[in-house]
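These numbers come from the heavy atoms of this one structure, side chains and all, not from hydrogens, waters or symmetry mates. Here is how names work: the chains are called A, B, and so on, in the same order as the sequence lines, proteins then strands, and each is numbered from 1. Since the structure is predicted, the reported quantities are computational estimates derived from the model, not experimental observations.
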Amino acid sequence: MSEPDKYLPDAIETKWRERWATDRTNEPDLDHAVRPLYNLMMFPYPSAEGLHVGNLFAFTGADVYGRFKRMQGYQVFEPIGFDAFGIHSENYAIKVGAHPADLIPKNIANFTRQLTRMGGMFAWRNVLSTTEPSYYKWTQWVFLQLYKQGLAYKKNGAVNWCPSCKTVLSNEQVIGGECERCGTVVEQRVLEQWYFRITDYAERLLANLDDPTTMDWSETTVAAQKNWLGRSEGADITFRASDAASSPITVYTTRPDTLFGATFLVLAPEHPLVTALTTNAQRMDVEAYRAQAAAKDLVSRKVGDQQKSGVFTGSTAMNPATGAQVPIWIADYVLMDYGTGAIMAVPGHDERDFEFATRFALPIVRVVAAVDQDAGTPLTAAYTDVDAGGHMVNSREFDGRTPLDTKAAITEWLASRGTGKKTVQYRLHDWCISRQRYWGPPIPIIYCDVCGPVPVPEEQLPVELPALDDFRPDDSGVSPLARHAEWYFVPCPTCGQQGRRETDVSDTFLDSAWYFLRYPSSELTDRPFDRDRTRTWLPVASYIGGNEHAVLHLLYSRFITMVLHDAGMLDFEEPFRKFRAHGLIVKDGAKMSKSRGNVVVPDQYIDKWGADTFRTYLMFLGPFQEGGDFRDSGISGPRRFLDKVWDLVTLASHPDCRDAEIRREVLIKWHQTKRRVAEEIEQLRYNTAIAALMELVNVLREQNCAERRLVSELVQMTAPFAPHFAEECWERLGHSSTIFDSAWPAFDAALTLEDTITIAVQVNGKTRGSVTVPRDASEATVRAAAEAEPAVAKYLGGELKKVIGVPGRMLSFVVGG
RNA sequence: GCUCGGGUGGCGAAAUGGCAGACGCAGGGGACUUAAAAUCCCCAGGGGGCAACCCCGUCCCGGUUCGAGUCCGGGCCCGAGCACCA
């Protein structure tokens, strides 16, 4: 007698990996899809360390969904690629003394091996890397489209400079005043940089977030984007300077209602009017203060818990409401890059202005009083409530009205006199895209002394990144590419005279802001994306990724898509119809980090348990959208589950196994499970879907049931989680084509209902017993059964006041006495 | 400070306002084994009782309800994001 076949993950996984590759199982026909479904996950940066467990968790979750949808009859396109340009790759290369052009291919090879091994349903034919000239040619093309529309421009201004990475950073890449990549405190520098006019799109970027027909996104991500866009409504108000020669000063405020309480103005130190407003007596102080503010790094400038500082300019301006002359100050708590760079200070009703006024002994006037206060109630702190039922005071004809009311009224009154208007402000800034680094796509612009900046003609793309041995950045604020003379000097495309190339490269986030458009057309060399393919596959049906990109990648991608839509190149303006943010994996209750030494490297677990067990464990350890705690001890559970399924398959595929009558309770559990698992996978509730499968397996084992039809469907339901395993079982059950072309098991709704139900019985809110009755029993029957139950009856002594029944669930008696 | 999440056994976690703790891990007991591993069976929130049973229990305080882990108000703690944004 031969040993029964044991479940050997290694052999099975190798077998199916090879077969999928040979049969091109995972690659849909991109030109002829009847029910296309674009299943996207955020492409990884191919680090030297390899895929970590967080990547694998995210990719597996996305892959489970893709495989499930495929079994529901969709042609699923599940591409993968590598986001290999950028500071991260370059910094690492510098650290280990290598060249990124040598390192990246090795890292990509390693990632490819790992991604294949995890069993992702990847369409490898369409793999892409942002570092390939065939890809970044089109990244440069995207830049040119923005340039053509006037949405790419060069501007001299204060920028975030990372002294360690020696490059500028976008606002989105500065986290709490530190460089997103290396954690170094960012400095302020004044440099000429390329920007994209994303602020022109702020309103649409915000409005679409609330449009459920184009965007079904995780609420946390929507909230983060709204927060970042930072819309606020207020008014621009103009103050005339006392010196008639000076230009008027326009301030932005969200509290025009408090205009009567504006006792001074504050300008940002960089404000262009400062020089003109400064009197000779104050000039030295003002210049000293401006120099000091310019030297401050952004952290100490922006962190607000320190003492306020500032200097008087010597000038005054007229408050348009009171007619009073108010002093004009400069202070670095007012930021040049928000609003108009100038504020009207209302110390009575703004905490920062209160602090400033107190420090410099400036007048504080109350203009809003709370319900139990009047105009004379002293202010010991700024009173900032707007909708707490307060009323205006010291505001002439507006006295007695509510602040909200007054806001609109004063704005109108100012508008009628031409000294103010209603405005909307966004916190979003234009996207600074130039980087003084080597490892990225060169910005395709040529400077000519005759013609000025000239875009590189599209037919001359790509502007290839030259091989450069010394690619290290320096402090000059100029990219290393400037050191390569042969590359740097180039004829002007317009006049043919010698010109110079733009030496900055573009931000990595531009590479990833359009990659989803490229995937379906990745083999086409003559266009970035094919019109028909794009119509078929986009917008993306399901996108899964980390919330750390809520305001970076996801916002930029939306912006670029809108721009291309407006240029008539895309039919849609939102790229991702559905987005779900996955949770984070922690290890033994603590965040994974290199310094803590608790980073989980997946390879060793896959070696030990197999990819299928590892995938199933990752999906079981917690709710996918919340993440969970990775504990080595937990992996054996999912493995035991697969072993049990394997045993059932072995029994069911035995030639002596005959279709048998299935016991009714098993039948019901079977159909209930089919309903539950499909519902839960659709909602990415993988942990409970797996739990439902485990329950079914436990019932089958208790009931000694290895009926072939039923076991086949059980295997189908495990397939998204354990794809190689399921293929092997499926073959052993006698099927010849891939399980992923089989139809997801349907359930019979009538068979999901139990014949008898157990109803809880409560007396005065406490559960005192339960009765088991036929499913369709009337309330009277249930009540009679309940009253006959001794455990219930003994509490029913008093006067019966009420009986509440919830059909199929419970019956509640309310008795008095 | 503001905006999101979250707080349930020893642990990871389940629970359309309706019997809290499904499923799994670790644990205890037993079977098989010369033995161990693997596997199988049983127990398992806390407390009390010989037992049938009883009491307590989802961060805290209050409310709504016949009934609250779930809804409402207030607070505490943890995590994430934003932060002198006028």
Side-chain angles (χ1 to χ4, degrees), chain A residues 175-177 218-228 230-232 234 251-255 258 262 266 268 301-306 308 331-335 337-346 349-353 355-356 384 425-429 547-548 550-551 581 583-584 586 588-589 591 617 620-623 625-638 640-641 643-644 647 685 687-698 701 758-770 790-791 801-806 808-815:
Chain A
I175 312 289
S218 288
E219 284 185 31
T220 51
T221 316
V222 170
Q225 290 216 350
K226 285 187 179 176
N227 202 3
W228 188 262
R231 182 181 197 273
S232 71
V251 303
Y252 172 72
T253 178
T254 55
R255 295 291 306 274
T258 61
V266 186
R301 169 83 185 258
K302 289 198 174 178
V303 167
D305 55 3
Q306 59 194 2
K308 294 272 178 291
D332 66 5
Y333 80 92
V334 176
L335 309 173
D337 58 9
Y338 182 75
T340 60
I343 63 158
M344 64 176 207
V346 184
H349 306 285
D350 180 281
E351 282 163 21
R352 294 149 305 182
D353 298 344
E355 194 189 328
F356 193 84
T384 56
Q425 277 292 333
Y426 291 89
R427 275 183 37 203
L428 180 72
H429 288 57
N547 236 351
E548 69 274 14
V551 296
L584 296 177
V586 298
D588 299 319
K591 197 174 170 178
Y617 173 59
F620 183 64
L621 57 69
Q625 290 176 79
E626 286 165 39
D629 192 4
F630 189 100
R631 278 168 205 261
D632 292 0
S633 64
I635 307 178
S636 57
R640 288 205 266 259
F641 162 70
D643 281 335
K644 290 174 188 173
D647 288 345
R685 296 160 57 103
N687 56 334
T688 50
I690 293 167
L693 292 170
M694 286 172 167
E695 280 183 47
L696 177 64
V697 166
N698 291 345
R701 286 160 57 86
T758 301
I759 289 182
V761 183
Q762 295 183 351
V763 181
N764 287 349
K766 276 194 197 292
T767 303
R768 294 301 183 182
S770 64
K801 290 183 168 161
K802 210 195 305 189
V803 181
I804 296 152
V806 179
R809 290 215 168 258
M810 54 78 64
L811 187 73
S812 181
F813 293 96
V814 185
V815 298

(request) Using a 4.0 Å heavy-atom cut-off, write out nucleotides 9-15 of chain B from 5' to 3' as B (base contacted by protein), S (sugar-phosphate only) or - (no contact). (result) --SBSSS
(message) What's the gap between B:A86 and B:C71 when it is taken at their C1' atoms, as a whole Å value?
(response) 38 Å
(message) Nearest to the A:Tyr338 side chain among B:A83, B:G67, B:A86, which nucleotide is it?
(response) B:A86
Sort me out a list of protein N/O and nucleotides 25-29 of chain B N/O pairs below 3.5 Å, or just none if empty.
unit_1 : atom_1 : unit_2   : atom_2 : d
B:C25  : OP1    : A:Arg640 : NE     : 2.9
B:C25  : OP1    : A:Arg640 : NH2    : 2.7
B:C25  : O3'    : A:Ser633 : O      : 3.3
B:C25  : O2'    : A:Ser633 : O      : 3.1
B:C25  : O2'    : A:Ser633 : OG     : 3.2
B:A26  : OP2    : A:Arg640 : NH2    : 3.1

Please give the nucleotide sitting opposite [N] as a Watson-Crick or G-U wobble pair, both distances under 3.5 Å, or none.
N: B:C66; result: B:G18
N: B:C82; result: B:G1
N: B:A51; result: none
N: B:C40; result: B:G30

(request) Please check the phosphate of B:C4 (OP1 and OP2 only) for any side-chain N or O of A:Asn547 closer than 4.0 Å. (result) no
(request) Could you pull out all residues at least two apart from A:Lys226 that satisfy side-chain contact (heavy atoms from CB on, under 4.5 Å)? (result) A:Leu206, A:Leu209, A:Asp210, A:Val222
(message) Within the 4.5 Å heavy-atom criterion, are A:Phe630 and A:Ile635 side-chain neighbours or not?
(response) yes
(message) Within 45 degrees of the ring normal and closer than 6.0 Å to the centroid, is that where the cationic atom of A:Lys308 sits relative to A:Tyr333?
(response) yes
Base, sugar-phosphate, or nothing: which does [X] touch, judged by heavy atoms less than 4.0 Å apart?
X: A:Asn764; result: sugar-phosphate
X: A:Arg768; result: sugar-phosphate
X: A:Asn698; result: sugar-phosphate

(request) Between A:Thr767 and A:Glu695, name the one whose nearest nucleotide on RNA chain B is closer to the 5' end. (result) A:Thr767
